[in-house]
2 protein chains.
Amino acid sequence: MPPNVSPGSKDEVERRKGGEISLGGLDDHIGYVLRRAQLAVFQDFIGSLAEFDIRPAQYSVLTVIEATPGLKQSQVSSALGIQRTNFVTLFDELERRGLARRMPVDNDRRSYALYLTETGAALMEKLRAAVHAHEARLDERLGRDGRGRLMDLLKRLADLGGLDGEGRFGTP
Amino acid sequence: MPPNVSPGSKDEVERRKGGEISLGGLDDHIGYVLRRAQLAVFQDFIGSLAEFDIRPAQYSVLTVIEATPGLKQSQVSSALGIQRTNFVTLFDELERRGLARRMPVDNDRRSYALYLTETGAALMEKLRAAVHAHEARLDERLGRDGRGRLMDLLKRLADLGGLDGEGRFGTP
DNA sequence: CAATATTTTTATCTACAATAACAGTTATGT
DNA sequence: ACATAACTGTTATTGTAGATAAAAATATTG
């Protein structure tokens with residue numbers, strides 16, 4: 001056994017100055033590596049869209065209402081795993097910036113139909129190029145077939161506990 | 001072209017009541033799928049350790065100082081990609097619960113050497129079983145060779161912009 | 001000694017998630 | 001018709017994470 005592990009001793013501590021500190025097997029945990037990868041990818045994404053001041057959550061909302069104009073708030077937030085209560089301020093900001101708007105619905109005065117504005121649609125055009133470059137950068141890292149194999153594996157994990165209809169997690 | 005896309009019309013909206021709302025290609029984005037997978041895995045992890053009231057960040061700190069007792073705060077936080085400043089309250093909580101402790105260092109009165117308490121070491125024993133079950137659950141999802149292939153792909157992504165020595169991102 | 005580093009701490013700030021409670025509206029059942 | 005329930009969006013509040021700025025104490029270096 002090691003002779004000296006009292007506080008302040010050198011063993012196991014001082015000799016690791018090079019930054020090569022053991023993670024104690026943490027990097028064998030899927031969750032840990034997954035988180036580090038997700039942070040790195042998001043950071044690259046945020047950087048790619050920084051000049052437009054659009055962040056991931058905003059981009060996801062714009063993408064969905066561009067693909068399907070006229071959806072209700074509850075439909076969009078549910079599709080994205082966001083709670084409708086948190087969706088409100090998120091969409092408020094998009095509306096404030098003139099990128100999207102709420103429109104009344106004929107038959108149902110409770111709900112709003114969501115649309116991109118022309119400004120929002122024009123912005124999405126520009127975002128597409130930046131996002132494509134971002135995805136290409138990732139593909140370069142992943143190598144041949146990397147994307148397909150990664151997507152398959154991630155999607156298996158994505159529905160574990162799963163979100164409920166309102167973007168919350170486990171409902172016991 | 002579709003005849004009717006005015007606000008409140010039925011096309012593209014009402015007929016999607018079954019929940020099958022298009023994400024507009026969002027699920028072809030690595031970052032989006034990565035985030036959903038990470039949330040699901042973390043949720044499973046949190047559930048696995050709920051009875052011990054230990055969350056991922058806490059577990060990661062306990063794991064590192066168990067593997068290498070006597071590290072300084074700055075070493076642990078740097079290894080985990082946490083900023084020193086955020087590490088303080090994180091460790092405060094572990095110390096408050098009697099799971100870990102700060103010990104003075106002989107030569108340097110600025111820094112602390114971090115250790116598990118006996119309580120903390122005993123807890124880690126119990127956590128190990130729960131974490132192992134969690135990882136096994138993930139392996140079941142991932143199938144044969146899934147873990148290895150996923151880890152390889154994720155690690156390629158994990159050092160994109162990369163964290164700097166202090167757990168911050170991009171350093172312009 | 002003076003100037004500069006390092007290490008930890010405190011205090012804010014933002015983004016994002018979760019919960020509870022509410023108002024207005026619509027749907028249902030009697 | 002009416003009471004009741006369910007749905008939709010909103011507000012307010014809380015908690016968690018991450019980032020930044022600045023301080024205080026100590027160490028190192030010229």
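Chain letters run A, B, ... following the sequence lines, proteins first, then strands; residues in each count from 1.
- Shown here, C:dA5 forms no base pair; nothing in the strands shown gives a Watson-Crick or G-U wobble contact with both key distances under 3.5 Å.
- Here the P atom of nucleotide D:dG18 and the CG atom of B:Leu90 are 9 Å apart, to the nearest Å.
- Between A:Arg102 and D:dT10, a side-chain N or O to OP1/OP2 separation shorter than 4.0 Å is present.
- Taking the charged nitrogens against the carboxylate oxygens, A:Arg128 and A:Glu66 do have a contact shorter than 4.0 Å, which makes a salt bridge.
- In terms of phosphate contacts, A:Gln58 brings no side-chain nitrogen or oxygen within less than 4.0 Å of OP1 or OP2 of C:dA15.
- Remark: C:dA21 base-pairs with D:dT10. Criterion, Watson-Crick or G-U wobble with two distances under 3.5 Å.
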Counting primed atoms, P, OP1 and OP2 as sugar-phosphate and everything else as base, the B/S/- map of nucleotides 21-30 of chain D against protein heavy atoms under 4.0 Å is B----BS---
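- Mapping A:Ser111 and A:Asp92 onto DNA chain D via the closest heavy atom, the residue that lands nearer the 5' end is A:Ser111.
- Side-chain nitrogen and oxygen atoms of A:Gln83 include none within less than 4.0 Å of the OP1 or OP2 phosphate oxygen of C:dA17.
- Straight-line distance from the CG atom of A:Leu39 to the C1' atom of C:dC16: 14 Å, rounded to whole Å.
- B:Arg137 and B:Glu140 are not joined by a salt bridge, as no carboxylate oxygen comes within less than 4.0 angstrom of a charged side-chain nitrogen.
- Ring orientation note: the planes of A:Phe42 and A:Phe45 are tilted relative to one another, at an angle of 30° to 60°.
- Between the CG atom of A:Leu142 and the CZ atom of A:Arg147 there is a distance of 7.5 Å, given to the nearest 0.5 Å.
- Put simply, B:Gln75 has no side-chain N or O that comes within less than 4.0 Å of OP1 or OP2 on C:dT7.
- Counting only distance, with no hydrogens or angles, the side chain of B:Arg102 and the backbone of B:Tyr115 share no donor-acceptor pair below 3.5 Å.
- Across D:dG18, C:dT7, C:dA18, the shortest atom-to-atom separation from the side chain of A:Asn86 is found for C:dA18.
- Distance, A:Phe42 CZ to D:dA19 P: 14 Å, rounded to whole Å.
- Regarding the sugar-base torsion, C:dA18 falls in the anti class, its angle being beyond 90° of 0.
- Nearest nucleotide to the side chain of A:Arg55, out of C:dC16, C:dT7, D:dT8: C:dC16.
- Of all heavy-atom pairs spanning B:Phe91 and B:Ile65, the tightest one is CE1-CD1, 4.1 Å.
- Rounded to whole angstrom, the span from the CZ atom of A:Arg84 across to the P atom of C:dA18 amounts to 14 Å.
- Residue contacts shown for B:Tyr112 are limited to sugar-phosphate atoms, with no base heavy atom under 4.0 Å away.
- Listed pair B:Thr89 / C:dT9 fails the phosphate criterion, with no side-chain N or O lying under 4.0 Å from OP1 or OP2.
- The pair B:Asp152-B:Arg156 meets the salt-bridge criterion, with a side-chain N (NZ, NE, NH1 or NH2) lying under 4.0 Å from an Asp/Glu carboxylate O.
- OP1 or OP2 of C:dT8 has not a single side-chain nitrogen or oxygen of B:Lys72 nearer than 4.0 Å.
- Residue A:Lys155 places its NZ atom among more than 12 non-hydrogen atoms of other residues, nucleotides or ligands, all under 6.0 Å distant.
- Spacing between atom CE of B:Met103 and atom P of C:dT8 amounts to 15 Å, rounded to whole angstrom units.
- Side chain of B:Arg35, nearest nucleotide from C:dA17, D:dT10, C:dT9: C:dA17.
- In this structure, B:Phe87 atom CZ and D:dT16 atom C1' are separated by 17 Å, rounded to whole Å.
- The CG atom of B:Asp53 sits 14 Å away from the P atom of D:dG15 (whole-angstrom rounding).
- For the pair A:Leu114 CG and D:dT10 C1', the computed distance is 14 Å after rounding to whole Å.
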